[in-house]
There are 2 protein chains.
Amino acid sequence: MVVDRRKMIVDAATNSFSQFGFKATTMDQVAKIANVGKGTIYTFFSTKEELFDEITNSLIKEMKIAAEEAIDETLTFQENVHRALYRILEFRLEHQLTIKLFQEGREMRTPAAMEVIERIEKAILNFIKDKIVKAINKGEIQRCDPELTSFVMLKLYVALIFDWEKNHEPLSKEKIAKVLEQYIFEGLSK
Amino acid sequence: MVVDRRKMIVDAATNSFSQFGFKATTMDQVAKIANVGKGTIYTFFSTKEELFDEITNSLIKEMKIAAEEAIDETLTFQENVHRALYRILEFRLEHQLTIKLFQEGREMRTPAAMEVIERIEKAILNFIKDKIVKAINKGEIQRCDPELTSFVMLKLYVALIFDWEKNHEPLSKEKIAKVLEQYIFEGLSK
DNA sequence: TTTTGACCAAATGTCCAAATTAGTCAGTAA
DNA sequence: TTACTGACTAATTTGGACATTTGGTCAAAA
């Protein structure tokens with residue numbers, strides 16, 4: 001194997017999806033960038049969707065690794081959840097592919113893009129759910145429904161980072177941590 | 001004044017906007033339903049948007065009244081916030097006009113519909129913010145940023161009522177109250 | 001056996017004429 | 001004079017004929 005054609009294709013497609021999104025990326029274009037015949041792509045991937053899936057699955061794996069790296073076992077559950085969630089949402093802003101995909105899902109409603117967004121959200125929820133289950137077993141937090149708790153945490157995070165910005169000055173990382181602590185971990189009551 | 005033409009127009013328009021939404025409602029249609037010439041509409045409202053605004057402002061006022069009615073001064077702040085927010089979101093499901101508008105905003109991105117949705121959201125936020133300020137002054141809850149707190153509460157509510165349903169069995173009213181209490185008012189930590 | 005690009009059907013985009021629509025205003029009715 | 005009307009207009013939207021592009025195939029080349 002002189003050149004890894006599969007890798008060439010995946011790299012070309014990653015570039016194109018990142019720059020133009022799913023819909024505006026054509027198989028002809030990918031073939032040209034990858035320096036292969038279009039037919040070659042179809043010896044590795046049977047549809048455009050399958051090629052896209054391979055790339056987005058890598059993306060999700062990368063996100064998981066980034067989140068896992070943000071966690072520091074010597075810190076508390078609270079701090080770790082904050083670090084992991086913040087890292088994941090930061091990841092979204094750093095990676096052209098996620099930016100493009102979220103934009104495409106929002107603005108053009110491309111089904112393939114929307115499906116990936118859902119897969120990403122589910123992966124994040126599972127990640128947090130897992131951390132919650134472990135924290136419950138270690139007695140670090142109160143018994144609670146992990147499914148519901150991870151859902152509440154993610155929604156709150158996304159709201160504080162992305163929705164709040166639409167009408168207010170962005171919240172700093174520290175402010176977000178404080179808000180999370182105040183509401184989820186402490187409660188408002190006197 | 002034998003017949004109140006203005007009222008005829010507003011009633012006709014309310015019906016049409018509720019059934020067909022903003023874009024699919026034509027001024028000819030409103031005139032026909034209201035039994036007036038089209039020109040008459042323009043003696044009361046100078047544009048289609050202005051007619052729409054009058055109707056949506058009434059809607060928001062109605063929502064405020066419904067929310068205010070849900071509040072019982074003898075209950076705690078927590079219970080009242082829950083009752084008011086739940087009532088407002090219930091209102092959305094009961095009133096054809098809000099259903100249609102949210103659908104039109106989501107699916108067709110009609111600017112007029114999206115602006116109303118934003119106005120509704122702001123009205124809800126102001127309503128809760130006001131209740132929070134009062135509760136702080138009465139010493140019922142901890143000192144906190146009312147803007148941020150109302151934002152967090154609304155986002156959490158909408159997530160629990162509308163977003164949770166997309167992948168799970170709907171939560172009962174009582175369950176939602178419990179979740180709110182557990183997270184916002186009590187906190188998770190041991 | 002692996003790779004290729006010309007080829008195909010289907011999906012998408014491009015026109016443009018015809019239809020629809022928000023808003024006007026000269027005229028009618030009261 | 002005043003309140004109301006609907007035919008009219010300019011601008012936008014729609015529908016559909018036609019052209020282009022695109023995902024996917026496959027016979028031939030390497």
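A, B, ... follow the sequence lines: proteins, then strands. Residue 1 opens every chain.
- The CE-P distance, from B/Met27 to D/dC8, rounds to 21 Å in whole Å.
- With C/dG5, C/dT24, C/dT12 as the choices, the nucleotide that has an atom nearest any side-chain atom of B/Lys38 turns out to be C/dT24.
- Side-chain contact of A/Thr76 with A/Glu79: a donor-acceptor pair under 3.5 Å is present, judged by distance alone.
- You won't find any donor-acceptor pair under 3.5 Å spanning the side chain of B/Lys48 and the base of C/dG23, going by distance alone.
- Position along DNA chain C of the nearest nucleotide to B/Thr26 versus A/Asp28 favours A/Asp28 as the more 5'-ward residue.
- Linking ILVMFWY residues whenever their side-chain heavy atoms come closer than 4.5 Å, directly or via other members, leaves B/Ile65 and B/Ile88 in distinct clusters.
- Considering every non-hydrogen atom in both B/Gln142 and B/Ile136, the closest pair reads O-CG1, 3.8 Å.
- Between the side chains of A/Asn35 and A/Arg5, no donor-acceptor pair of N or O atoms lies under 3.5 Å.
- Considering only the side chain of B/Tyr42, C/dT24 comes nearest among D/dG23, C/dT24, C/dT4.
- Atom CZ in A/Phe44 sits roughly 17 Å away from atom P in D/dG24 (whole-Å rounding).
- Toward the 5' end of DNA chain D, the nearer of the two residues A/Phe22 and A/Thr40, judged by each one's closest nucleotide, is A/Phe22.
- Taking atom CZ of residue B/Phe20 and atom P of nucleotide C/dT21, one finds them 12 Å apart after rounding to whole Å.
- Atom CG in B/Leu51 sits roughly 16 Å away from atom P in C/dT21 (whole-Å rounding).
- Atom CD in A/Glu50 sits roughly 13 Å away from atom C1' in D/dG24 (whole-Å rounding).
- Of the candidates C/dG23, C/dT4, D/dT14, the closest approach to any side-chain atom of A/Val36 belongs to C/dT4.
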Exercise. Might you work through the side chain to side chain contact (heavy atoms under 4.5 Å, CB included) test for B/Arg119 and B/Asn57, ending with a clear yes or no?
Key: CA-CA 9 Å; B/Arg119 288 222 319 282; B/Asn57 282 334; 2.9 Å; yes
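- The interatomic distance linking A/Gln29 (CD) with D/dG23 (C1') rounds to 14 Å, in whole Å.
- Straight-line distance from the CZ atom of B/Arg5 to the C1' atom of D/dA3: 8 Å, rounded to whole Å.
- The residue among A/Thr43 and B/Glu49 whose nearest nucleotide of DNA chain C is located toward the 5' end is A/Thr43.
- Residue B/Lys32 contributes atom NZ, which lies 18 Å from atom C1' of D/dC4 at whole-angstrom precision.
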